[in-house]
There are 2 protein chains.
Amino acid sequence: MTGLRKSYGCPVEFSLDLLGGKWKMVILARLKQNLMRYGELRRAIPDLSDKVLTERLGGLREVGLVESLADADGVTRYQLTARGESLRSVLQALYDWGEAEAATLKVSIRPPAPTSD
Amino acid sequence: MTGLRKSYGCPVEFSLDLLGGKWKMVILARLKQNLMRYGELRRAIPDLSDKVLTERLGGLREVGLVESLADADGVTRYQLTARGESLRSVLQALYDWGEAEAATLKVSIRPPAPTSD
DNA sequence: GGCGTCACGCACCGATTGGTGCGTTGGTGG
DNA sequence: CCACCAACGCACCAATCGGTGCGTGACGCC
């Protein structure tokens with residue numbers, strides 16, 4: 001597994017080494033709802049570029065949190081693995097806290113408008 | 001509140017805008033156990049530099065997650081605010097996941113040896 | 001056949017993050 | 001008076017991250 005150190009000062013430090021960065025947990029949170037196509041992820045997270053989405057998905061596959069399924073119609077879909085599913089409590093906790101905190105700070109949470117496909 | 005956008009695509013994105021970066025959540029996880037002095041934090045997280053610890057504590061104070069208490073003996077102690085306490089579930093979830101995942105991947109979690117003060 | 005889409009890769013770049021080294025002020029102890 | 005500690009700030013730098021722009025091959029559609 002590339003990039004992992006052999007030793008960490010605490011489990012949170014270790015978690016963040018695997019999950020850190022601007023977009024990984026956002027991607028995982030999307031996939032927590034249901035499996036998604038690449039293009040759906042792209043549209044769901046408009047501020048995230050093509051290049052970084054590909055890279056982050058690759059990294060998440062590499063550590064076994066996400067898997068890709070090539071369908072018959074040639075479209076790739078991504079979903080959480082069992083291991084990735086074990087992150088549900090982390091992702092839900094971040095979601096819940098963010099929601100409450102946004103209400104407190106009057107920050108707007110506005111998913112991008114869905115588009116037909 | 002510096003740096004916050006007015007709108008986010010989802011609550012997880014918002015959470016990470018406040019909590020992102022290499023050390024904030026590690027610091028918060030330490031303070032979740034109990035209030036700590038600056039020097040104790042420094043020693044508990046040896047890879048974290050003076051400069052960055054000061055900066056991150058400042059930022060966490062600024063968003064109201066941490067407060068500092070100046071004691072009679074002139075030593076400053078840091079602790080989570082009530083708002084910071086609301087992060088317990090996030091921090092505990094990251095801790096638990098990291099612990100389980102480290103066991104799976106045979107990664108060592110080794111807190112720095114405690115020193116007498 | 002040409003065009004558009006999909007899902008990538010590559011080169012390059014800007015911004016940010018984190019670290020080092022040094023300095024500061026105030027306090028304490030020898 | 002000096003040394004050390006605590007808790008910062010500042011300048012500078014290296015590394016990393018994320019984005020842009022462009023290219024690619026495969027595929028589908030007109």
Side-chain angles (χ1 to χ4, degrees), chain A residues 2-5 8-9 12-13 16-28 30-31 35-63 66-79 112 115-117, chain B residues 2-5 8-9 12-13 16-28 30-31 35-63 66-79 112 115-117:
Chain A
T2 59
L4 281 188
R5 287 166 20 212
Y8 292 82
V12 172
E13 216 178 301
L16 293 178
D17 206 12
L18 282 177
L19 304 172
K22 191 172 172 179
W23 295 117
K24 276 188 202 167
M25 290 214 250
V26 176
I27 292 166
L28 290 168
R30 297 293 180 167
L31 294 177
L35 65 78
M36 293 177 77
R37 284 163 46 194
Y38 179 97
E40 288 172 328
L41 275 168
R42 275 292 274 115
R43 286 186 284 276
I45 319 173
D47 291 338
L48 171 58
S49 70
D50 239 349
K51 169 197 183 283
V52 175
L53 177 53
T54 302
E55 282 182 1
R56 298 301 167 262
L57 283 172
L60 291 168
R61 277 217 310 273
E62 196 173 296
V63 300
V66 157
E67 64 189 348
S68 57
L69 311 161
D71 278 16
D73 56 357
V75 169
T76 309
R77 285 172 171 78
Y78 294 89
Q79 71 180 12
T115 51
S116 57
D117 208 27
Chain B
T2 58
L4 280 188
R5 292 173 6 220
Y8 292 82
V12 172
E13 213 178 303
L16 292 178
D17 205 12
L18 282 178
L19 304 171
K22 190 172 173 178
W23 294 116
K24 276 188 203 167
M25 290 213 252
V26 176
I27 292 166
L28 290 168
R30 297 292 178 169
L31 293 176
L35 65 78
M36 292 176 79
R37 284 161 48 192
Y38 179 96
E40 289 172 327
L41 274 168
R42 275 293 273 115
R43 285 186 285 277
I45 318 172
D47 290 340
L48 172 57
S49 71
D50 239 349
K51 169 196 182 282
V52 175
L53 177 54
T54 303
E55 283 183 0
R56 297 300 166 265
L57 283 171
L60 291 169
R61 279 218 307 273
E62 196 172 296
V63 299
V66 157
E67 63 188 348
S68 57
L69 311 161
D71 278 15
D73 56 357
V75 168
T76 311
R77 284 173 172 77
Y78 294 88
Q79 71 177 12
T115 52
S116 57
D117 208 30

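Side chains included, hydrogens not; waters and symmetry mates left out as well; all remaining heavy atoms used.
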Worksheet, complete the sentence: Rounded to the nearest 0.5 angstrom, the CG-CG distance for A/Asp50 and A/Leu41 is 11.5 Å
Write out a two-atom table: protein N or O, nucleotide N or O from nucleotides 8-10 of chain C, distance below 3.5 Å.
{"unit_1": "C/dC8", "atom_1": "OP2", "unit_2": "A/Tyr78", "atom_2": "OH", "d": "2.6"}

Worksheet item: Atom CG of A/Asp47 and atom P of C/dA15: how far apart are they, to the nearest Å?
Response: 17 Å
Item to complete: Return the value, rounded to whole Å, for the distance between atom CZ of B/Arg42 and atom P of C/dG19.
Response: 9 Å
Item to complete: Find the distance B/Leu48:CG to C/dT17:P and express it as a whole number of Å.
Response: 15 Å
Worksheet item: Measuring from B/Arg37:CZ to B/Arg42:CZ, what's the distance to the nearest 0.5 Å?
Response: 13.5 Å
Fill in: Atom-to-atom span, CG of B/Asp17 to C1' of D/dC17 - whole angstrom
15 Å
Worksheet, complete the sentence: Whole-Å distance, A/Ile27 CD1 to D/dG18 P, equals 9 Å
Practice prompt. Quick one: do B/Tyr8 and A/Asp47 satisfy side-chain hydrogen bond (donor to acceptor under 3.5 Å, both in side chains)? Show the steps, please.
Written response: CA-CA 10 Å; B/Tyr8 292 82; A/Asp47 291 338; over 6 Å; no
Item to complete: Check the distance between D/dC5's P and B/Arg37's CZ and give it to me in whole angstrom.
Response: 13 Å
Discussion item. Rounding to an integer number of Å, can you tell me how far A/Trp23 CH2 sits from C/dT16 P?
Written reply: 15 Å
Worksheet entry | Atom pair distance, as rounded to whole Å: CZ in A/Arg77 and P in C/dA7 | 9 Å
Worksheet item: With respect to the side chain of B/Ser49, which nucleotide from C/dT20, D/dG18, D/dA6 is positioned closest?
Response: C/dT20
Item to complete: Please check if the side chain of A/Arg56 supplies one atom and the backbone of A/Met25 the other of a donor-acceptor pair under 3.5 Å.
Response: no
Response to the item:
Considering only heavy side-chain atoms of A/Lys22, the closest of C/dA7, C/dG19, D/dG19 is D/dG19
Item to complete: Examine distances only and state if a side-chain atom of B/Arg30 and a backbone atom of B/Ala44 form a donor-acceptor pair shorter than 3.5 Å.
Response: yes
Worksheet item: Which part of the nucleic acid, if any, lies within contact of A/Gly21, taking any heavy atom under 4.0 Å across all strands shown: a base, the sugar-phosphate backbone alone, or nothing?
Response: sugar-phosphate
Nucleotide N/O of nucleotides 22-29 of chain C paired with protein N/O under 3.5 Å:
none

